[in-house]
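Below: the structure, in structure tokens.
FYI, side chains are in, hydrogens and waters are out, and symmetry mates aren't considered; it's all heavy atoms of this structure.
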Amino acid sequence: MATDYAEEQANEIEALQSIYPDEFKEKSKDPWCFEIAVKSENSTSKNSDDGKAIINVQFTFGATYPDEPPEIELDAQQAVDDDHLASIRAAVSESASENVGMVMVYILVTAVQEHLNSIVDERLQTMEEERKRKEEVISSVEELQETNVTGTPVTKETFAAWKAVFLKEREQTSKHKKDTTAGKLTGRQLFEMDASLALSDAAFMDDHELAVDNEGEDRLQSAVEIDESLFQNVNDLQLEDDSD
């Protein structure tokens, strides 16, 4: 018996109008062409459909549908980017090929809706993670403010803990100083180890004093040296008679 494609298509249209009374929109009857607004079941917003992902899916039946896939067009309306749209288009096309020979519009619409649900789930997860991060930041700030205002109360326990840390740090500092000066000799130790150092110092002082004395004597001789030529003709001088 030959398949009555027209009757089978009309029956499916009637069922779809019953399932999607608000979403179904008829465009033509020959051939059958209609559009179904597919929405995600979940939403990122409490206000109506504002946070839902929405796609309008248009179907056009060929003469031998369902023994051939329908023509399918996708029109993203809300919260669906190009990458998501391409992924949905590929999934719907594959599903249509797998269901050739049986009425399939409901199956295809369900596949689109599942993809939209996944899109919104991802966004809800991202929003929740962001909300938790903000709460952690706010909590950290509040704790810091409370610490700055109230400070840490001093009790026997907190003082004992502080004292233990302080003494340990002081011990480490003292040990470090000892390690740093280890192996270095004082001036007295050097003197006791090598007495020749003192002898060489004394010899140096004697030589220095001798040089100073010799230099002083030379200067004195130079200062009192007399030019004898000035007195060679002293006998030729005629002195006046004091009796005049």
Does the side chain of [Y] come within less than 4.5 Å of [X]'s, by heavy atoms?
X      : Y      : value
Leu116 : Val80  : yes
Ile36  : Val112 : no
Ile19  : Phe24  : no
Lys52  : Ser45  : no
Asn42  : Asp121 : yes

Notebook entry, point to check: Where do Leu108 and Pro70 come nearest, in terms of heavy atoms and distance?
Noted result: CD1-CG, 4.4 Å
Next item on the list: Return the minimal non-hydrogen interatomic distance between Pro66 and Val103, and the atom names on each side.
Entry: CB-N, 4.0 Å
Notebook entry, point to check: Between the side chains of Gln58 and Lys27, is a donor N or O closer than 3.5 angstrom to an acceptor N or O?
Noted result: yes
Results of side chain to side chain contact (heavy atoms under 4.5 Å, CB included) for [X] - residues two or more places apart only:
X      : result
His115 : Ser87, Ile88, Ala91
Glu114 : Thr110
Ser139 : Glu143
Glu130 : Arg133, Lys134

Next item on the list: Kindly compute the distance separating CD1 (Ile107) from CG (Asn99), expressed to the nearest 0.5 Å.
Entry: 4.0 Å
Next item on the list: Could you note down all residue pairs passing salt bridge (charged side-chain N to carboxylate O under 4.0 Å, His left out) where residues 73-90 supplies at least one of them, sequence neighbours left out?
Entry: none
Next item on the list: Classify the ring geometry between Phe34 and Phe61 as parallel (under 30°), tilted (30 to 60°) or perpendicular (over 60°).
Entry: perpendicular
Next item on the list: Please identify each residue that fulfils side chain to side chain donor-acceptor pair (under 3.5 Å) with Glu94, with sequence neighbours left out.
Entry: none
Note to self: According to side chain to side chain donor-acceptor pair (under 3.5 Å), who are the partners of Tyr106, at least two apart in sequence or on a separate chain?
What the structure shows: none
Qualifying residues under salt bridge (charged side-chain N to carboxylate O under 4.0 Å, His left out), relative to [X], sequence neighbours excluded:
X      : result
Arg170 : none
Glu98  : none
Lys25  : none

Margin query: Taking side chain to side chain donor-acceptor pair (under 3.5 Å) as the cut-off, I'd like each qualifying pair that reaches into residues 7-20, sequence neighbours left out, listed once.
Written below: Glu12-Tyr65
Check: Between Glu135 and Arg131, does at least one N-O distance fall below 4.0 Å, as a salt bridge requires?
Finding: yes
Notebook entry, point to check: Can you pull the ring pair (Phe, Tyr, Trp, His ring centres under 6.0 Å) pairs that have at least one residue in residues 66-100, sequence neighbours excluded?
Noted result: none
